[in-house]
Protein chains: 2
Amino acid sequence: MFDMSTDPPRKTMSQLRRGTVGYCVMALLGRRERYAVELVRELAAHQALAAGQGTIYPLLSRLRSDGMVATEWKESPSGPPRRYYSLTDKGRASLERFRGEWKQFSDAVDTFMED
Amino acid sequence: MFDMSTDPPRKTMSQLRRGTVGYCVMALLGRRERYAVELVRELAAHQALAAGQGTIYPLLSRLRSDGMVATEWKESPSGPPRRYYSLTDKGRASLERFRGEWKQFSDAVDTFMED
DNA sequence: ACATAGTACCTTGCACAGCAAGGTACCTTG
DNA sequence: CAAGGTACCTTGCTGTGCAAGGTACTATGT
């Protein structure tokens, strides 16, 4: 059972993340390469975009098969090996395009939300 | 077939709409009551939030069973009767809450996209 | 040498909103 | 009384996010 009074905020935020998490990950990878657990930690820092491993691994897998990111295995200074992800040129182009779509979209929603 | 070069934008935008269309509809209903086809037309005006009847009718049905909106049948000056939707107090509270979540979320995405 | 803990990888099954396409009924007009 | 417009609604599919569960490698303590 949940908070029945209004609307569970968890679910709402989860829906909002749809379609954006991938591009936020790509934005991070555009600066420097990272591995999956690192990405999870950095997303968790911005509360609204917190996404667990169950979201990140399938997401990275999709980005990879779409050619948006490239991967490379590297040994860790302490622990099991890590798979590092970096943004490809195709990924960079896709991200650039998203920036425009995001602005258009968020401006539209802002318009509706302003009373 | 589609544009294979990068990413079909249609699909991206469709994902972005998730979770927001409902609240945009509620925002409209917060000002004055409207019927479904009217809502479809007003959303279509803001291109980024265009949603067809296949989206709107199930959405309104959900909002209704969640107690966010109330409905009332009214005769049309010309044509079949219309079902008018209006925002309930519960809907108003939920919308108010969403405004905060939306700001938090869009600020977070903006942070990632700036660079 | 071996158990324990920590880190990192990944998969499975489900939930649910948006959507295209298809279908019914009412009213007006010629 | 047929044709066209308006308004209602449903069905089946898709894709993404998520919790939960599972494997493997390394370091540490005894």
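Order of the sequence lines sets the chain letters (A, B, ...), proteins ahead of strands, with each chain counted from 1.
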Please report the shortest heavy-atom distance between B/F112 and A/L43, naming the atom on each side. CZ-CD2, 4.0 Å
Distance in angstrom units between A/Y35 OH and D/dT26 C1', rounded: 14 Å
For DNA chain C, which residues in residues 41-51 of chain A have a heavy atom at a distance below 4.0 Å? A/R41
In whole Å, what is the span from the CG atom of A/L16 to the C1' atom of C/dC16? 14 Å
Residue set satisfying salt bridge (Lys or Arg N to Asp or Glu O under 4.0 Å) with A/R82, at least two apart, ordered chain then number -> none
Writing each nucleotide of DNA chain C 5' to 3' as (, ), [, ], | or . by Watson-Crick or G-U pairing under 3.5 Å yields ||||||||||||||||||||||||||||||
With sequence neighbours left out, write down each residue that passes side chain to side chain contact (heavy atoms under 4.5 Å, CB included) with B/T88, or none if nothing qualifies. B/A70, B/K90
Could you tell me how far apart A/R17 (CZ) and D/dA19 (C1') are, to the nearest whole angstrom? 13 Å
With sequence neighbours excluded, tell me which residues meet salt bridge (Lys or Arg N to Asp or Glu O under 4.0 Å) with A/D107. A/K103
What integer distance in Å separates B/Q15:CD from C/dA15:P? 19 Å
For B/R41, which residues count as a salt bridge (Lys or Arg N to Asp or Glu O under 4.0 Å) partner, sequence neighbours excluded? none
For A/E38, check side chain to side chain donor-acceptor pair (under 3.5 Å) against everything at least two apart and list the hits. A/R32
Select one nucleotide: of C/dT11, D/dG17, D/dG15, the one nearest the side-chain heavy atoms of A/Y57. C/dT11
Rounding to a whole Å, what distance do you find between B/M13:CE and C/dG18:C1'? 14 Å
Give me each pair satisfying ring pair (Phe, Tyr, Trp, His ring centres under 6.0 Å) with a member in residues 66-89 of chain B, each pair once, sequence neighbours excluded. B/Y35-B/Y84
Between A/R83 and A/E72 (salt bridge meaning N to carboxylate O under 4.0 Å), is one present in this structure? no
For nucleotides 20-30 of chain C, 5' to 3', base contacts (B), sugar-phosphate-only contacts (S) and non-contacts (-) with protein non-hydrogen atoms under 4.0 Å give BB----BS---
Taken in chain and number order and not counting sequence neighbours, the residues that satisfy side chain to side chain contact (heavy atoms under 4.5 Å, CB included) with B/T111 are A/H46
Go nucleotide by nucleotide along DNA chain D from the 5' end; which of A/V21 and B/R83 gets its closest nucleotide reached first? B/R83
Between atom OH in A/Y23 and atom C1' in D/dG15, what is the gap in whole Å? 13 Å
Taking atom C1' of C/dA8 as reference, at what distance in whole Å does atom CG of A/L60 sit? 13 Å
Apply salt bridge (Lys or Arg N to Asp or Glu O under 4.0 Å) to A/R64 and list each qualifying residue two or more places apart in sequence or on a separate chain. none
Are A/R62 and D/dG15 close enough that a side-chain N or O sits under 4.0 Å from OP1 or OP2? no
Please tabulate, one pair per line, all N/O donor-acceptor pairs under 3.5 Å involving side-chain atoms of residues 52-60 of chain A, not counting sequence neighbours.
none

